[in-house]
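What's counted below: heavy atoms across the whole structure, side chains too, no hydrogens, waters or symmetry copies. Lettering follows sequence order; numbering is per chain, from 1.
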Number of protein chains: 4
Amino acid sequence: MLPTSINFKEQMTETRRTQILLGAAQVFAEKGFHKATTKKIAKAAGISEGTIYNYFDNKRELLVAMIEFISMQSLKNILGGELPQDPHELFTLILRDRQQLIQGYGYLLAPVVAEIFADTELREELYQKVVIPISSHLEKYIQTQIDVGQFRQLDPVIATRTIMGAMLLNFALKLTNLDSRYGYFSDDTIVEQLVMIFLKGMMK
Amino acid sequence: MLPTSINFKEQMTETRRTQILLGAAQVFAEKGFHKATTKKIAKAAGISEGTIYNYFDNKRELLVAMIEFISMQSLKNILGGELPQDPHELFTLILRDRQQLIQGYGYLLAPVVAEIFADTELREELYQKVVIPISSHLEKYIQTQIDVGQFRQLDPVIATRTIMGAMLLNFALKLTNLDSRYGYFSDDTIVEQLVMIFLKGMMK
Amino acid sequence: MLPTSINFKEQMTETRRTQILLGAAQVFAEKGFHKATTKKIAKAAGISEGTIYNYFDNKRELLVAMIEFISMQSLKNILGGELPQDPHELFTLILRDRQQLIQGYGYLLAPVVAEIFADTELREELYQKVVIPISSHLEKYIQTQIDVGQFRQLDPVIATRTIMGAMLLNFALKLTNLDSRYGYFSDDTIVEQLVMIFLKGMMK
Amino acid sequence: MLPTSINFKEQMTETRRTQILLGAAQVFAEKGFHKATTKKIAKAAGISEGTIYNYFDNKRELLVAMIEFISMQSLKNILGGELPQDPHELFTLILRDRQQLIQGYGYLLAPVVAEIFADTELREELYQKVVIPISSHLEKYIQTQIDVGQFRQLDPVIATRTIMGAMLLNFALKLTNLDSRYGYFSDDTIVEQLVMIFLKGMMK
DNA sequence: CATGAATGAGAATTCATTCAT
DNA sequence: CATGAATGAATTCTCATTCAT
C-alpha cells in the first residue's frame, strides 16, 4: 500500500472517531452518561450503533475518549507554543485557557462529571488520562520557580491542585448560575482575583 | 394499647429505617447511585428487597433520605462557639473542621454528590440550603479583614469559593487515593499548605 | 360449649365474612380483580390484611365468594316463596329479578366479569358455583312445561342459556350506556320485549 | 439500494410482526392478558423478549395489534353478497356465520374480550367499530319484516341484541366446554334451536 | 383471632453489545 | 467497514401470603 493510502485511511479513521465523539458529547451533555443510550449517540453522530463498536470498545471507553478529546482541545494551543516564564503572565494564560474551556465545553462536561464522581474505576482512569497529564506541566513550572527562588517552599502537587480546585469551583459557579452573585463577575474579574491570590500566595 | 407499646413500635420503625439507611449508605458509597442495586442494599441492610419499599417509596427517595440523615449528623460540627479573630488560627480551624467532615463522611457523600450534580433542582436546593449558609460565615470574616485593612482588596465571594474549591479537591484527593502522592501528605501538611497559600495570598 | 355460644360464634364469623366480602366488592368494582390489592380490600373492609386469610384461603377464593354472595342475594326472594306457574308471570318475575340484580350490583360485577373470561379455572369454578345453581331452576321449569305440553319440543339447557345470554347483553347495554339508544328504553320495556320474544318463541 | 432489497426488508419486518402476533395470540388465548408473560410470548414466537419491544411499544400495544390482526381476518366473512329474504334462511345463515367465526377465532378473542371489558375507552371504541356495524344489518332486516307485517311489533335494537346475547352465550358454552352437556349438542342443533325460538318469538 | 411487617418470587421493560448480511 | 435487528442479562418495584406478637 502506498503511504498516501495509509494516510488517507488513518485520516478517515480519525475523522470518524471525531464524528462519533461529537455525537457522544452532545448526548452525554443532554442526558448524562447513564441515560445516554448508544442508539441516541449513533443517531446524533449520524452513524449506526454497530459502527460505534468499530472505533470504541464500549460505552465507557467512549466517555473516556470524549473527555480526553475535549480536555486536550484548547490546551494544545498552550502546550504547542512557548510558555511565558513570568508567573503572572503564565497563571493568567493558563486560567484564561481553562476558563475558556469550561465556558466552551463545561455544559458538555458537567453532567458527565457527575457520573465520574460516582464511579471509582472511571474516576481513576480519568485522573490518570486527563488530570495528571494536564497538571504535570503546572507542577513542573512551580517546582522550577521554587528552585530558582521565585516561589516559596511549597509542595507543587498540593499547590497545583489548590489552583485547580479553586478554578473549577469558581468557573463552575460562573457557568451554572447556581449562585446569582456570579452573574455580576466578568470572566476576567474571576481570573484576576484568582491570579492575584495565588501569585501572592506562592511568591516569596 | 399502652404508651410503651406505641413507643416500642415507633422505635422499631425508626430502627428499621436507620438500618436500611445505613445499608444504603454503604452500597451507595461503594457503587454510586446507579450501580447500587436494591438487591445489594437489601443484603447490606440485612433485610429483603420488599422491605425497602415499606419504608421508602423508591430508590430515589432512599437517596434523599440518606442525604438528610448524613446532613443531620454532620451539621453538629458547624454550630460551634466563638470563632478566633486571628486569620491564621481561623483558617486553620475552618480547614481542619472541613477536613474532618470530609474525612468522616466524604466517602459516603461523594457518590451522592454525583447524583446531585446531575439533578438541576436538587443542585439548587442544596446549594442554597447547605453551601451558602456555611460559606457566608467565611465571606463575612474576609470582608471584615478587608475593612480593617488586614486583607487586600479582593472579592469575598470569589475568595471564599477559591478556598472551598481548593479545599474540596485536595481533601477529596487525600480521601480517595486517586493520586498516590497524596498518601505521603499528612492531613496537617495539606491544611498547612493551604493556609499558607491563602494567608499570604489574601493578606496585605 | 353452649349452643348459644356456638351460634354467637358462627354469627360473628358470618358477619366478618360479609364485612370482608363487601370491602372486596367495593375494591373489585373500582379496580378489577388484578389491580385490587389485598391491602386496599383490607382497608375498605376495615380490617387488616392478615385477617382476610383467616376467612378466605386466597384472593381468588375471595372473588368467587363475593360473586356467589351477590348473585344469590336477590334470588333468595324468588327461591324462597312459591313460584307462579303461569309462564308469562314466571318469565316476567325472573327477568325483573335478574334485571334488578344487574341494576343493583352490575357496576360491581362488570369489571370482575372481565377477568373471569380471561381465566379458565376461574371460569369453570364460577360456572359450577354460580351459573348452574341459578339456571337449573329455569331448566326444570321449562322441562315441566314441555312435559305438560305448554312449550314446544326444545332443549331446556339451550333455551335457558338463550334467555340468559339475551338478558345479560341487554341489561349490560342498559347499564353501561355503551349504546346510546338504550337510554330511551325503560327497564320494563326491555323486560317486556324479552318476555314477549321468549314466550312466543317457546310456547306451542 | 435496490427496490427488491427494500421490499425484502419490509417483508421481513412484516413477517416478524406477524410471528410475534401469532405467538402473542397463542399465549393470550391460553392465559389471558395478565397471566401472559412477555417471556412466554417470546418463547411462543420463537424470539427473545427484547425483540418484542423492537416491534411493539409495550404489552398493551401488542394486545391492541393482535385484536386488529384478528379482526382483519374475520371481517372477510361478513362482507358477503346478497342476503336471503326468507327469515328462516337468513337467521340460519347469520347464526351459522357467527358460529363459524366464534368457532374459528373465539378461543383467541375470548381472553381479549376480557381485557376490553375492563377498559372503558377500549370498550366504547370497539362497540362502535365492531358491534354496531355488524348488528345494524340485522336491525334493518327486522325493521323491514315488521313493516311488511311478517314480524310482530318489537324493538329491532333490543331484538337484535337478544339474538346476539343468546348466540354469544350458547356458542361460548359450546366452545369452552364449560358445561359438559354442550358436548352433546352439535353446532347445527344449537343453531336450529336458536332459529326456532327467535323465529317463533318474532313472527306474527 | 387480629395484626401488619417482612418476605421474595415475579414481571415488564431497557439497552449495551454482537454478528450476519 | 457499515448496518441495525436480535439478544438476554439486569433492574426496579409490586403484592399475595405468612407468621411472630
Side-chain angles (χ1 to χ4, degrees), chain A residues 9 12-13 16 20 33-43 45-62, chain B residues 1 5 8-9 12-13 16 20 34-43 45-62, chain C residues 9 12-13 16 20 33-43 45-62, chain D residues 1 5 8-9 12-13 16 20 34-43 45-62:
Chain A
K9 227 174 184 174
M12 270 304 295
T13 300
R16 188 48 68 94
I20 296 171
F33 181 69
H34 279 102
K35 290 194 171 176
T37 63
T38 49
K39 185 169 243 159
K40 275 178 195 144
I41 292 171
K43 199 173 183 181
I47 44 102
S48 73
E49 272 186 279
T51 302
I52 294 173
Y53 291 85
N54 289 334
Y55 294 87
F56 302 94
D57 280 355
N58 50 48
K59 201 182 153 190
R60 157 165 295 187
E61 288 306 309
L62 183 55
Chain B
M1 256 186 269
S5 168
F8 177 72
K9 219 173 188 175
M12 270 305 296
T13 300
R16 190 45 65 92
I20 296 171
H34 279 106
K35 287 196 169 179
T37 64
T38 51
K39 187 169 249 164
K40 275 179 196 143
I41 291 170
K43 200 171 185 180
I47 44 102
S48 73
E49 268 188 282
T51 301
I52 294 174
Y53 291 88
N54 289 337
Y55 293 86
F56 303 95
D57 280 354
N58 51 50
K59 205 179 150 191
R60 193 201 171 82
E61 288 305 307
L62 184 55
Chain C
K9 229 176 182 174
M12 271 304 296
T13 300
R16 189 48 68 93
I20 296 170
F33 181 69
H34 278 102
K35 290 194 170 176
T37 64
T38 49
K39 184 169 245 161
K40 274 176 195 145
I41 292 170
K43 199 174 184 182
I47 45 103
S48 73
E49 270 187 282
T51 303
I52 294 172
Y53 290 85
N54 289 333
Y55 295 88
F56 302 94
D57 281 354
N58 51 49
K59 200 181 154 190
R60 159 167 293 187
E61 287 308 308
L62 183 55
Chain D
M1 257 184 269
S5 169
F8 177 70
K9 220 174 190 174
M12 269 304 295
T13 300
R16 190 46 67 94
I20 296 171
H34 281 105
K35 287 196 169 178
T37 64
T38 50
K39 186 169 250 165
K40 275 178 196 144
I41 291 171
K43 200 171 185 181
I47 44 104
S48 73
E49 269 188 280
T51 301
I52 294 173
Y53 292 87
N54 289 337
Y55 293 86
F56 304 94
D57 279 353
N58 50 49
K59 205 179 149 191
R60 194 201 170 82
E61 287 305 308
L62 183 55

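In this structure, G46(B) and N58(D) both approach DNA chain E, and ranking their closest nucleotides by distance from the 5' end singles out G46(B).
Applying the 4.0 Å criterion to OP1 and OP2 of dC1(E), one finds that T13(C) has a side-chain N or O inside that range. A sub-4.0 Å separation between OP1 or OP2 of dT12(F) and a side-chain N or O of R60(B) is absent. At dA5(F), none of the side-chain N or O atoms of T51(D) fall inside 4.0 Å of OP1 or OP2 (strictly under the cut-off).
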What's touching nucleotides 18-21 of chain F from the protein side, N or O pairs under 3.5 Å?
none

Strand DNA chain E as a dot-bracket string - pairs counted if Watson-Crick or G-U with both distances under 3.5 Å, | where the partner lies in another strand: .||||||||||||||||||||
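Looking at heavy-atom distances under 4.0 Å, A42(B) makes no contact with the nucleic acid at all.
In this structure, F56(B) places its CZ atom 12 Å from P of dA6(E), rounding to the nearest Å. Going from atom NZ of K40(D) over to atom P of dG10(E) covers 10 Å, rounded to whole Å. Regarding K59(D), its NZ atom lies at a distance of 8 Å from the C1' atom of dA11(E), rounded to whole Å. For the pair N54(D) CG and dT13(E) P, the computed distance is 14 Å after rounding to whole Å. The separation between H34(B) atom NE2 and dA10(F) atom C1' is 14 Å, rounded to whole Å. Going from atom CD1 of I47(A) over to atom P of dT17(E) covers 14 Å, rounded to whole Å. Between I41(D) atom CD1 and dG8(F) atom P the separation is 17 Å, expressed in whole Å. Here the P atom of nucleotide dT3(E) and the CD1 atom of I52(C) are 10 Å apart, to the nearest Å.
Taking the side chain of S48(D) as heavy atoms from C-beta on, and the options dA6(F), dT3(F), dA12(E), the nearest nucleotide is dA6(F). Of the candidate nucleotides dT12(F), dA16(F), dA2(E), dA16(F) has the atom lying nearest to any side-chain atom of T38(C). Among the nucleotides dA2(F), dA12(E), dT11(F), the one closest to any side-chain atom of T37(B) is dT11(F).
R16(D) contributes atom CZ, which lies 5.0 Å from atom CE of M12(D) (distance to the nearest 0.5 angstrom).
Legend: residues meeting side chain to side chain contact (heavy atoms under 4.5 Å, CB included) with E61(A), ordered by chain and number and at least two apart, are D57(A), N58(A), E125(A), K129(A). R60(C) is linked by a side-chain hydrogen bond (donor to acceptor under 3.5 Å, both in side chains) to D119(C), E121(C), counting only residues two or more places apart in sequence or in another chain.
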Contacts table for residues 45-56 of chain D: side-chain donor-acceptor under 3.5 angstrom, sequence neighbours left out:
| unit_1 | atom_1 | unit_2 | atom_2 | d |
| --- | --- | --- | --- | --- |
| S48(D) | OG | T51(D) | OG1 | 3.2 |
| E49(D) | OE2 | T38(D) | OG1 | 2.8 |

